[in-house]
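Before any comments, here is the structure.
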Amino acid sequence: MENNFFGISSRISELGEAAMEKALPFINEVDKITEYNQLKMLSAFRNNRVSESCFTASTGYGYGDRGRDVLDSIYAEVFDTEDALVRHSFASGTHTLTVALFGVLRPGDTMVSVTGIPYDTLQGVIGLGSASNGSLREFGIKYEQVDLLPDGTVDYEGIRKQVRPDTKMVYIQRSRGYSLRPTLLNEDIKKIYELAKELAPGCIVMLDNCYGEYVEMTSPGKCCDLMAGSLIKNPGGGIAPTGGYIAGRHDLVEACSYRLTTPGTGKEIGCTLGQNRELFMGTFNAPHVTGEALKTAIFASALFDSLGFKVTPGFDEPRGDIIQAILLENEERLISFCQGIQAASPIDSFVTPEPWDMPGYDSKVIMAAGAFTLGSSIELSADAPLREPYAVWMQGGLNFHSGKAAVLLAAEKMKEFI
Ligand SMILES: *Cc1c(COP(=O)(O)O)cnc(C)c1O
């Protein structure tokens, strides 16, 4: 059956078919990971006896909200951690990571970021730049950093030099964020964890796990003490409308809960206002949806590789997150690419994204996002600052069929520039 709803030319369509053939073995690998993680999830739902009563909306203090407690327990089980704190009231990934940092660090402590400078929005939290905004620095928490090596990999020798027996926190960011460094795999995180514990046995190894959930068959839960992420990325399955999670060692999760609410009440309070059903449903779907996003990324990588562009990761490379970077080399292509992604989005397909001076960036940025949830990046989205090396970062895709169509339309829109 002819399914050319979007006017894809025969050239792009043929390249698409060839790319699909190249990508297929790797897409099949994704299916194996997805199946494992999905069954682990189903098993956690069974073990925690999820029932409709978990969806009851609590109000006020939220004492005894069974759904809230069961969801925490499911996260702990699928992430291989002792405990978890999953709340719709985490306003963003940055908020969640901030609660975790303030929850466990105390004045005089030193945190060492061992994967270079953290994600943009965390820099203000740490107090790089202005310190007078309630940052960690203003509360007397010291920050040190081990840069990545020039090729973007972890500098283990540098870690040896920087981490001392009294280092309180070793901080790891898994995902590349909007850089071109490789994303860490769980085996890399394990190596850092073991080294950190050798150098500072009492330290807290904390992981920014954004975009990394359910991408691999293993969870990093056993090779960090604390991790956090956003529910409008992988773990919310495209259904959670907001929220975040913290998971890890029981004593540390408890300390975070005291920061989220109050010392003493911690996890015991916090009403769920009817959000539980969507949080459960999104959580349940998350391994599958993450797989769909991965397939979309692999297909994009294969197609743009065959169009002659540098892609990272390559379609045949192992992945630690759902992000695909494509070096499009000039402005016209970036704009056309983002406009193509937007045009094949379920929401706002008729909108034409334009570059704009986004606050906090030193160059114009163009973004494509046609999502059910504002800012959701488990839904297909693409971002590109208009500067060297003219790379676009693409992520998400609720289902591979529509993700693949969007990637083809992006290539089609770029056609006159390639
Ligand atoms: C998205 C992200 C964050 C922050 O999440 P927001 O929801 O944007 O605040 C932090 N770290 C990494 C690596 C991310 O990808």
Side-chain angles (χ1 to χ4, degrees), residues 86-102 111 113-126 128 133 135-136 143 145 148 152 154 169 171-186 188-189 192 206-216 220 224 226-238 240-247 256 260 279 282 286 290 293-294 297 312-313 319-325 358-361 365 367 369 371 373-385 391-396:
V86 188
R87 294 295 181 274
H88 79 274
S89 49
F90 283 123
S92 66
T94 307
H95 178 212
T96 314
L97 287 154
T98 300
V99 167
L101 290 166
F102 275 96
M111 85 179 261
S113 169
V114 295
T115 43
I117 188 149
Y119 192 77
D120 298 62
T121 55
L122 266 305
Q123 295 171 16
V125 175
I126 293 165
L128 306 175
N133 60 351
S135 65
L136 290 166
Y143 173 78
Q145 183 175 310
L148 295 164
V154 176
M169 176 181 284
Y171 182 88
I172 306 170
Q173 180 183 312
R174 173 206 277 269
S175 175
R176 62 173 66 221
Y178 298 108
S179 80
L180 290 169
R181 64 124 158 137
T183 291
L184 300 189
L185 301 175
N186 285 332
D188 304 312
I189 295 166
I192 299 174
M206 173 164 164
L207 175 67
D208 172 352
N209 199 31
C210 280
Y211 288 129
E213 301 87 357
Y214 313 119
V215 170
E216 294 185 77
C224 67
L226 197 61
M227 61 174 162
S230 162
L231 296 195
I232 60 168
K233 295 178 179 173
N234 312 12
T242 182
Y245 75 86
I246 294 172
C256 296
L260 174 66
L279 260 55
T290 302
L294 280 169
T312 166
R319 283 169 192 262
D321 66 16
I322 61 168
I323 298 178
Q324 180 64 48
M358 192 168 136
Y361 285 80
V365 177
M367 293 183 167
T373 296
L374 205 64
S376 166
S377 46
I378 186 61
E379 300 184 57
L380 189 61
S381 47
D383 311 72
V392 64
W393 283 265
M394 185 199 99
Q395 61 275 314

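We count ligands from 1, going down the list as the structure has it; atoms in each ligand are counted the same way. Values below: all heavy atoms of this structure, side chains included; hydrogens, waters and symmetry mates excluded.
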Under 3.5 Å: N or O atoms of ligand 1 paired with protein N or O:
unit_1   : atom_1 : unit_2 : atom_2 : d
ligand 1 : 7 (O)  : G93    : N      : 2.8
ligand 1 : 9 (O)  : G93    : N      : 3.4
ligand 1 : 9 (O)  : T94    : N      : 2.8
ligand 1 : 9 (O)  : T94    : OG1    : 2.4
ligand 1 : 11 (N) : D208   : OD2    : 2.6
ligand 1 : 15 (O) : K233   : NZ     : 2.9

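Atom CD1 of I246 is separated from atom CZ of F90 by 4.0 Å, given to the nearest 0.5 angstrom. The CD atom of E379 sits 13.5 Å away from atom NZ of K233, with the distance rounded to the nearest 0.5 Å. Distance OG/S135 to CD/Q123: 12.5 Å, rounded to 0.5 Å.
Of the N and O atoms on the side chains of N209 and Y245, at least one donor lies less than 3.5 Å from an acceptor on the other residue.
No side-chain heavy atom of I323 sits less than 4.5 Å from a side-chain heavy atom of T183.
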Next on the checklist: Could you go through Y119 and S175, starting from their C-alpha distance and side-chain angles, then the distance that decides it, and tell me whether this counts as side-chain hydrogen bond (donor to acceptor under 3.5 Å, both in side chains)?
Outcome noted: CA-CA 9 Å; Y119 192 77; S175 175; over 6 Å; no
